[in-house]
Novice: 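Shown below is the structure under consideration.
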Amino acid sequence: MQSLTEPAAGTGQDDLVPVAEALAAATSWLRRAVRPAEWNAVALSTLDAVDRTGPHRISFLVAQERITQPGMTGIVDRLAAAGLVQRQPDPADGRAALVAITPAGRDYLTAIRRQRAATVAAHIGTLAPAQQQALAAAAEALQALAGCPVSAVTA
């Protein structure tokens, strides 16, 4: 499988710069286009991480979200107080705890994802048919990009 950090055959790294710039602009637009959630971006990203990849120690979430340990502890405390996550014993180390999503947390994320997808789909519907088809063709690659571990990125 082609690495996302290596250019495809016949594609130079410089050829990917316009794509990267377009993705950065689209990401910025997306933050403005969707209705803000009641939780900040780091809290939502943390909730998403424990939903998609399972329970994690706070130290893993600190590295994933690139914030401080006290900052992540505060986020987890607030998410737990809201019933969106819970701490559970780490079976590998009884002194540590894992942060896991609750059914209420999963329901909340599902609602946010649906609302955001509907908003973006409505905007995509205003584009020319060729642009809509281009975005549809890129969906698989965008999913693969979104699934790349953040820690694997090198600059």
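Positions are given from 1, in the same order as the sequence printed here.
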Novice: Mind listing the closest non-hydrogen atom pair of Asn40 and Val42 along with its distance?
Specialist: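 Distance-wise, the nearest heavy atoms are OD1-N, 3.1 Å.
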Novice: Measure the shortest side-chain to side-chain distance between His56 and Leu98 over non-hydrogen atoms and say whether it is less than 4.5 angstrom.
Specialist: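 A side-chain contact is absent here, since even the closest heavy-atom pair is not under 4.5 Å.
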Novice: Do Leu127 and Trp29 belong to the same hydrophobic cluster, where Ile, Leu, Val, Met, Phe, Trp and Tyr are linked whenever their side-chain heavy atoms lie under 4.5 Å apart, directly or via other members?
Specialist: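 Yes; Trp29 is reachable from Leu127 via cluster members.
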Novice: Can you name the closest pair of heavy atoms from Ala104 and Gly83 and give their distance?
Specialist: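 What the structure gives for the nearest pair is CB-O, 3.6 Å.
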Novice: Only one of Val85, Leu47, Leu79, Ile75 passes side chain to side chain contact (heavy atoms under 4.5 Å, CB included) with Val99; say which it is.
Specialist: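 Output: one option passes, namely Val85.
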Novice: How long is the span from the OG1 atom in Thr27 to the CZ atom in Arg32, to the nearest 0.5 Å?
Specialist: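 The CZ atom of Arg32 is 10.5 Å from OG1 of Thr27, to the nearest 0.5 Å.
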Novice: Does some side-chain heavy atom of Val50 sit less than 4.5 Å from a side-chain heavy atom of Phe60?
Specialist: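 When only atoms from C-beta onward are counted, Val50 and Phe60 do not touch, as no gap falls below 4.5 Å.
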Novice: From Thr119 OG1 over to Ile124 CD1, what is the distance, rounded to the nearest 0.5 angstrom?
Specialist: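 Here the rounded value is 11.0 Å.
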Novice: Nearest 0.5 Å please: distance from the CE atom of Met72 over to the CZ atom of Arg57.
Specialist: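 Rounded to the nearest 0.5 Å, the CE-CZ separation comes to 15.0 Å.
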Novice: Are Val34 and Leu44 in one and the same hydrophobic cluster, where Ile, Leu, Val, Met, Phe, Trp and Tyr link if side-chain heavy atoms are under 4.5 Å apart?
Specialist: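 In one cluster with Val34: Leu44, no.
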Novice: Between Ile58 and Arg87, what is the shortest heavy-atom contact and its length?
Specialist: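 In terms of heavy atoms, the two residues are closest at CD1-NH2, 3.9 Å.
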Novice: Could you tell me whether the side chains of Gln86 and Thr102 share a donor-acceptor contact shorter than 3.5 Å?
Specialist: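 No, no side-chain donor-acceptor pair sits under 3.5 Å.
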Novice: Got a sec, which pairs hit side chain to side chain donor-acceptor pair (under 3.5 Å) with one end in residues 122-148, sequence neighbours left out?
Specialist: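 Sorted result for residues 122-148: empty, none.
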Novice: Does one side chain, of Arg114 or Thr110, offer a donor that lies under 3.5 Å from an acceptor on the other?
Specialist: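 Their side chains do not contain a donor-acceptor pair, so the 3.5 Å distance test is not met.
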Novice: Test of understanding: with side chain to side chain contact (heavy atoms under 4.5 Å, CB included), list the residues that count as partners of Ala82, not counting sequence neighbours.
Specialist: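 Residues passing side chain to side chain contact (heavy atoms under 4.5 Å, CB included) with Ala82: Trp39, Leu84.
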Novice: Taking the side chain as everything from C-beta on, heavy atoms only, tell me whether Leu23 gets closer than 4.5 Å to Leu142.
Specialist: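 Yes. Closest side-chain heavy atoms under 4.5 Å.
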Novice: Look up atom OG1 in Thr46 and atom CD in Glu65, then write down how far apart they are to the nearest 0.5 Å.
Specialist: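 Nearest 0.5 Å value for the OG1-CD distance: 4.0 Å.
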Novice: Tell me whether Thr53 contacts the main-chain N or O of Ala49 through its side chain, where contact means a donor paired with an acceptor under 3.5 Å.
Specialist: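 Answer holds: yes.
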